[in-house]
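This report concerns only the one structure given below.
The model shown is predicted, which means the values in this text are computed figures rather than measured ones. Note on naming: letters A, B, ... go to the chains in the order of the sequence lines (proteins, then strands), and numbering restarts at 1 for each one.
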2 protein chains.
Amino acid sequence: MRADARRNYDRLLAEADVAFREHGTDTSLEAVARRAGVAVGTLYGHFPNRRALVSALLRERNEALFAFGERLLAGVDAGRALREWISAVVDHATTYRGLAALLADGIDDAASELHASCARMADIGDRVLAAAREAGVVRREVTGTDVLAVMNAVAWTREHASTEQADRLLAFTVDGMVTRRLPGRVSAT
Amino acid sequence: MRADARRNYDRLLAEADVAFREHGTDTSLEAVARRAGVAVGTLYGHFPNRRALVSALLRERNEALFAFGERLLAGVDAGRALREWISAVVDHATTYRGLAALLADGIDDAASELHASCARMADIGDRVLAAAREAGVVRREVTGTDVLAVMNAVAWTREHASTEQADRLLAFTVDGMVTRRLPGRVSAT
DNA sequence: ACCTGAACACCGTTCAAGT
DNA sequence: ACCTGAACACCGTTCAAGT
């Protein structure tokens, strides 16, 4: 990669991060290019579409998330691992407004640049869930896609209501998935 | 209202319904006007913005929903009433793709054309919830906004995953909100 | 090998001019 | 009282022409 290309690539990523943080993933790509001091064509040269840009921005963050998941799997408390995994993914899906929708759609669309990381997330989720099931802490009918569905729904609720409200929703749902329940109190997440 | 104005108004509503059903609430208003055989300015004359158009389309549907809610309140089984109310609102919020987001945002935005109907929905929800609480079938910490949050989250999940998946999510969440639980089975909704 | 920027097709919204 | 359609400002995406 040529030195100037590298510089443009980095600038585009940096400005995209700022814009996504501020206006969500639906922000204008033209504006991103403008703020990066680059022609639109340059942006499209590096990132064929919006998802590719999002995907590139999430790269390191994804690695950290997956590593965290593996660490949870190596731990002992399967019930706690499930809760913490869900929380971690929700946090991740909340990085930019609009990201929850991209991720939810990415899992079903093999052509999406986000598909690989979605699949990886699903895989870790399956294993965390399997461990929790084996430990007898989740109901047997809970599936991996159930877990994905809660995570996305809760992330979306953070965008459209509040973090607090989303966490309450999460608490009730996890409680409905869990085998035992503390009497009279929503279980902590 | 002049006769031609009335005709344009009706045509716009009809075409908007078709377009919203097909492409969601984010569809092009220019295209709606075009298909209605009317200039864009005419559309804006009748409906100052997208929400006003959605709101007008939902009018009768809203009335039916509210009437159903009142009927539920007059019934006897408070637990069943809560479940049915949630289901009914989820169905309603699923009329057009993108509607769940509009409704979720509408409750907090007093200036939104959808705010009044959102408030009405919230009010009925509060009363249904109060009855369920009095009957001892829901946990005491469940709030009216918790109920709103589930409904919106589940409606959104219908858009981005599937009706089946959304209904599973709903079942788990309601189960987490409910006082008693059938052993080993997700309760029906 | 990469960048530029004009080109095309589309959109939301407003408003002077018409009837 | 209502409608028209041009006008303005914006956007996504492509691609011939440059370096």
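Atom C1' of nucleotide D:dT4 and atom CG of B:Leu43 are separated by 13 Å, given to the nearest angstrom. Here C:dC3 presents its C1' atom at 12 Å from CZ of A:Arg7, a figure rounded to the nearest Å. At whole-Å resolution of the value, CG in B:Asp26 and P in C:dC11 are 13 Å apart. As rounded to whole Å, 15 Å separates atom P of D:dG12 from atom CZ of A:Arg51. In this entry the distance linking NE2 of B:His23 with C1' of C:dC10 reads 14 Å, nearest Å. Rounded to an integer number of Å, the gap from B:Arg50 CZ to C:dG12 C1' is 9 Å. Here the C1' atom of nucleotide C:dT13 and the CG atom of B:Leu53 are 15 Å apart, to the nearest Å. Here D:dC3 presents its P atom at 12 Å from CZ of B:Arg6, a figure rounded to the nearest Å.
Residue A:Asp4 is in sugar-phosphate contact alone, with no base atom involved, counting any heavy-atom pair closer than 4.0 Å across all strands shown.
Note on A:Glu113 versus A:Arg50: no salt bridge recorded, every NZ/NE/NH1/NH2 to OD/OE distance being 4.0 Å or above. Under 4.0 Å is where a charged nitrogen must lie from a carboxylate oxygen, and between A:Asp105 and A:Arg51 no such pair does. Contact check on A:Arg11 versus A:Glu15 returns no salt bridge, with no Lys/Arg side-chain nitrogen under 4.0 Å from an Asp/Glu carboxylate oxygen. Salt bridge A:Asp126/A:Arg133: absent, no basic N to carboxylate O contact under 4.0 Å.
Listed for the B:Thr143 side chain is a donor-acceptor partner under 3.5 Å among the backbone atoms of B:Asp146. A donor-acceptor distance shorter than 3.5 angstrom exists from the side chain of A:Arg139 to the backbone of A:Gly176, with no hydrogens or angles considered.
No more than 12 heavy-atom neighbours from other residues, nucleotides or ligands sit within 6.0 angstrom of CZ on B:Arg7.
Map A:Glu30 and A:Gly37 each onto its nearest nucleotide of DNA chain C; the residue landing nearer the 5' end is A:Gly37.
Side-chain N/O atoms of A:Arg34 include one lying less than 4.0 angstrom from OP1 or OP2 on D:dC11. Taking side-chain N and O atoms only, A:Asn8 has a distance below 4.0 Å to OP1 or OP2 of C:dC3.
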Practice item. Take B:Thr94 and B:Leu99 through the test side-chain contact (heavy atoms from CB on, under 4.5 Å) and record every step on the way to the result. Key: CA-CA 7 Å; B:Thr94 296; B:Leu99 182 56; over 6 Å; no
Practice item. Begin with the C-alpha distance, continue with both residues' side-chain angles, and end with the deciding distance and a verdict on ring pair (Phe, Tyr, Trp, His ring centres under 6.0 Å) for B:Phe172 and A:Phe172. Key: CA-CA 8 Å; B:Phe172 286 119; A:Phe172 287 119; over 10 Å; no
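Consecutive Watson-Crick or G-U pairs involving DNA chain C, each under 3.5 Å on both distances, make up stems of three or more pairs at C:4-8 with D:12-16, C:12-16 with D:4-8.
Looking only at side-chain heavy atoms (C-beta outward), B:His160 and A:Asn152 stay at 4.5 Å or farther from each other.
Of all nucleotides listed (C:dC2, D:dT13, C:dC3), C:dC3 comes nearest to the side chain of A:His46. When distances run from any side-chain atom of B:Ser28 to the nucleotides D:dC3, C:dC11, C:dC3, the shortest one goes to C:dC11. Minimum atom distance to the side chain of B:Val38 is reached by D:dT4, of the listed D:dC2, C:dC2, D:dT4. Candidate nucleotides D:dG12, C:dT13, C:dC11 were compared by shortest atom distance to the side chain of A:Leu29, and D:dG12 ranks first.
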Point to revise | Sugar-phosphate or base contact per nucleotide [nucleotides 14-19 of chain C; S, B, -; heavy atom under 4.0 Å] | key: BB----
